[in-house]
Amino acid sequence: MPSFDFDLFVIGGGSGGVRSARVAASLGKKVGIAEEYRYGGTCVIRGCVPKKLFVYASQYSEHFEDAAGFGWTVGESSFDWKKLIEAKDKEIARLEGLYRKGLDNAKADIFDTRAELVDAHTVKLLKTGQTVTVETIVVATGGRPNLHAALPGHELCISSNEAFHLEELPKSILIAGGGYIAVEFANIFHGLGVETTLIYRGAEILSRFDQDLRKGLHEAMEEKGIRILCHDIIQSVEKVGSGLGVRTKNDKALTVDTVMLALGRTPNTENLGLQAAGVAVNDQGAIVVDEYSRTSVPNIYALGDVTDRVQLTPVAIHEAMCFIETVYKNNPTRPDHELIPTAVFSQPEIGTVGLTEEEAAKRYPELEVYRAQFRPMKATLSGRAEKMIMKLIVNAADRKVIGAHILGHDAGEMAQLLGIPIKAGCTKDDFDRTMAVHPTASEELVTMYSPSYRIRNGERV
Ligand code: NDP
């Protein structure tokens, strides 16, 4: 048996990397982990966590407005962007410290450096030039915003990375894309008082979500004052005075302070020595893995956004735990990518699990669709026009709930809980037998007794 410097070496200190390193080290394995930027990765440093803090910050403008309906007189309010950034940075530094502490407590060796593969069992630490030999390697280098290099003027645009560190809050912003990041940031910037326009190439934002929610959110965002341009893309960006001049495919000309591109993310696989080690990547540059997260080289695994699977933090963590079971607990475990609950932290929020109506209609001959659209209780006094939408998709043949879709406050929290009965295969009758919690919005999910409509062979009846 050859002897190695490390049992496991992890490249990348994000959600998947830190979890696999920490748990392996706690099992007594000799583990090294290298990160070139900051421990915590995209989610903690410049993704989910700071984004959610920004979402909270941006909701106050509506809270202040809503307060009047409940008898409050709110004095003059103002917002200080620098204070928010400072507070956010402090919290992110605290979390990064916790990530390091977890690794340290488990006795993993932490390296603050970029690392590259030399061959299938050798890793080079770039800061010192040191090479280490390794039995098993995990590549968990994540992804980065697609900079859209073909766009003239792309270098003048920001991505979500920069949005977390802007010196000043812009007065106006144009955000390109119709996915999670574009939609979430459009609502954040609007809530903070920025004149916001979203430009999206397709017919409706959030292409992978249920049509009802996409339309409902689009309407709610426009109602707030967010301008949404569909069927259009940015064609060029140039400097105009202190702002940016933008031309679109549909020949619109806009002048804004800031242009943000949120056009998907690219896996970080360049200059990692993957080729030298024999690790295959696909035509998108993502590492190809089998169902156990193993790459084309048997002792090298890849987890999270660097692979072409589902780009979500809990998925990367789950893949890491499956890796541990498979490699260190003699219990081969495939990550389960079915029925992943997810939320878009738009305002109103989207929470969803399972099949959309459109997907379900392609898969099953007959569906029952239970749908409720209503004004949430708080809006009766606040006077806000927002409507909540709740939808359950039921396979008529076995009564299983195969999709749940919510637009409205706390939809993300509801999606997490709905993920359990739907994963467990509960039927609509199980939902009907469940007592409501009153008065809540979510009680609607257990009180929709008869179908709003049916879909038979793809047709609404
Ligand atoms: P998404 O894949 O969600 O969205 C990318 C958007 O860019 C889509 O609207 C896509 O259009 C559009 N697009 C892609 N290429 C082009 C192009 N060449 N020209 C014009 N438009 C284009 O990616 P995001 O960048 O928003 O987010 C990355 C990932 O991060 C997400 O997939 C998600 O998994 C994760 N994330 C999760 C969050 C959460 O859980 N709340 C929050 C933020 C990110 P089309 O739809 O037509 O393909």
Side-chain angles (χ1 to χ4, degrees), residues 14-16 41-56 142-152 154 157-164 174-188 198-211 213-214 217-218 228-237 246 248-250 259-268 284 286 304-319 337 340-353 356 358 406-407 410-413 415-416 419:
S15 302
T42 300
C43 171
V44 175
I45 306 297
R46 46 193 179 187
C48 325
V49 175
K51 179 276 308 289
K52 189 85 189 272
L53 297 173
F54 278 14
V55 170
Y56 287 130
R144 61 180 187 282
N146 178 353
L147 294 182
H148 218 48
L151 170 72
H154 70 92
C157 305
I158 64 163
S159 70
S160 55
N161 283 354
E162 291 73 38
F164 290 114
L174 173 67
I175 302 179
Y180 283 86
I181 296 179
V183 167
E184 290 181 342
F185 270 95
N187 284 278
I188 288 169
L198 187 81
I199 183 166
Y200 171 55
R201 65 177 172 186
E204 188 56 278
I205 56 172
L206 291 173
S207 56
R208 282 170 279 173
F209 288 78
D210 189 88
Q211 184 65 35
L213 270 57
R214 298 166 66 190
L217 178 62
H218 183 138
I228 301 179
L229 309 172
C230 284
H231 286 304
D232 207 354
I233 51 173
I234 299 179
Q235 218 139 46
S236 66
V237 182
V246 178
T248 78
K249 190 184 83 201
N250 292 346
V259 177
M260 174 171 160
L261 305 181
L263 304 169
R265 293 174 60 86
T266 309
N268 286 325
Q284 305 297 310
D305 289 5
V306 76
T307 66
D308 187 14
R309 292 182 282 184
V310 184
Q311 298 177 334
L312 293 170
T313 296
V315 174
I317 292 173
H318 170 70
E319 289 166 2
H337 294 104
I340 299 169
T342 182
V344 182
F345 294 99
S346 45
Q347 299 167 41
E349 232 167 79
I350 281 183
T352 185
V353 54
T356 65
E358 299 77 41
I406 301 165
L407 175 74
D410 296 327
E413 304 286 342
Q416 177 64 86

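Order of listing sets the numbers, starting from 1, for every ligand and every atom in it.
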Which atoms of ligand 1 sit under 4.0 Å from any heavy atom of R208?
1 (P), 2 (O), 3 (O), 32 (O)

Numbered in order shown, the ligand 1 atoms found under 4.0 Å of a heavy atom of L312 are 34 (O), 37 (C), 40 (O)

Measuring from atom 19 (N) of ligand 1, which candidate in R265, K52, Q311, R201 has the nearest non-hydrogen atom?
R201

One residue to check: A343. Relative to ligand 1, which of side chain, backbone, both or neither has a non-hydrogen atom less than 4.0 Å away?
backbone

At under 4.0 Å between heavy atoms, what of L263 touches ligand 1? The answer is both

Do any N/O atoms on A182 end up under 3.5 angstrom from N/O atoms on ligand 1?
no

Nearest protein heavy atom to atom 45 (P) of ligand 1, by residue and atom, and its distance?
Y200 OH, 3.4 Å

List every atom of ligand 1 that sits less than 4.0 Å from any heavy atom of S207, numbering the atoms from 1 in the order shown and giving each element.
45 (P), 46 (O)

Mind listing the closest non-hydrogen atom pair of R265 and S160 along with its distance?
NH1-OG, 4.3 Å

Going by the atom numbers of ligand 1, which of them fall below 4.0 Å from some non-hydrogen atom of I233?
20 (C)

Heavy-atom contacts with K51 under 4.0 Å: which atoms of ligand 1 show up? List them by number with element.
41 (N), 42 (C)

For atom 4 (O) of ligand 1, closest protein heavy-atom neighbour:
G179 CA, 3.3 Å

Is there a polar contact between ligand 1 and G178, counting only N or O atoms under 3.5 Å apart?
yes

Nearest-contact summary for atom 23 (O) of ligand 1 - protein heavy atom, Å
G264 CA, 3.5 Å

